[in-house]
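To start, the structure under review is shown below, and the notes come after it.
We count ligands from 1, going down the list as the structure has it; atoms in each ligand are counted the same way. Only a predicted model underlies this, so the values are computations on that prediction, with no experimental measurement involved. We use all heavy atoms of the structure for the numbers below, so side chains are in, but hydrogens, waters and symmetry mates are not.
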Amino acid sequence: MTVVQTALIRHADCALHQMGDAHPECPQRLDAIADRLISAGLDGLLMHHEAPQVTRAQLLRVHRPHYVDQVLAMNVTQGLVHLDPDTAMMAGTLPAALRAAGAAVMGVDLLMAGQAANVFCAVRPPGHHAVPDHAMGFCIFNNIAVAAAHALEAHGLQRVAVVDFDVHHGNGTEDMFRDDPRVLLCQTFQHPFYPYQGSDSSNAHVVNVPLAAGSGSAEFRAAIEQHWLPALEAFRPEMLLISAGFDAHRDDPLAYLKLVDADYAWVTRALLAVADRHCGGRVLSTLEGGYDLDALGRAAGEHVRALIEG
Ligand SMILES: [Zn+2]
């Protein structure tokens, strides 16, 4: 009997993207996670996969053609070319971005083929701020949205849930699916805070829970229990996708929520329970933020441990 395990999808190209020595969205983030998976004894329990490059057609399901073609055509050989004040392209950016989105597509395919119990994509650049027609907030392509669209369009699913516990609101993902009732969006995020969106959404399939600066485990868990879980139960997703940002951790230097390592195990288990009830445990998670390297490694490690334990 084949044992179906948690899949870890990554690619060496994801370390090539480097937006300057002082930029917090740095290649060392992936090293911190990889090191922690080894030291915590988790690495050997994972099925390792190399991410393919996303295709233009897969990107066009959520991004506008002129933006995709602009990025694909950029041939930066030297220095940085800024796409937004926080987001730049350099020589290694395009291969990294293509692998980051390609990982999410591969993860969906593995789940649909029954070849993975669940999936974690340890990739960068992150994606959830990228909107249909431009880069934003360290994000080039919206990886989780590409995955959701792939599940809907390539696999014919009718109900896909995307949840996002990054400290920042995933405005790009919401822009892409705000008017698509096949996608349930559940988010928690610090508010008011970058990107200053998400507090005025009114669609029934958009569940935004703003949290005040200083909020910690109690407020976060209450938000999940009172808002996310009832919405997920009612929606009955056929696949559950996670924008897994770890920058709501109390040690994170970019934001002001106070989650601890154990909160990431707790929320992962709660989401797996929903997925077990409705879609055979089909969960795909992809890395978004998380900028304290030590806290990122620990929190992502707790997340992956919970995925492995199923
Ligand atoms: Zn973030």
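To the nearest 10 degrees, the Zn ion (ligand 1) sees ND1 of H168 and OD2 of D247 at an angle of 100°.
Between H150 and H155, a ring centre-to-centre spacing shorter than 6.0 Å is recorded. A ring-centre distance under 6.0 Å is not found for F235 and H205. Aromatic pair H129/Y194: ring centres closer than 6.0 Å.
Under 2.8 Å from the Zn ion (ligand 1) lies no N/O/S atom of E288, from backbone or side chain alike.
Within D166, the N, O or S atom at minimum distance from the Zn ion (ligand 1) carries the name OD1.
Counting non-hydrogen atoms of other residues, nucleotides and ligands closer than 6.0 Å to OH of Y256 gives a total of 12 or fewer.
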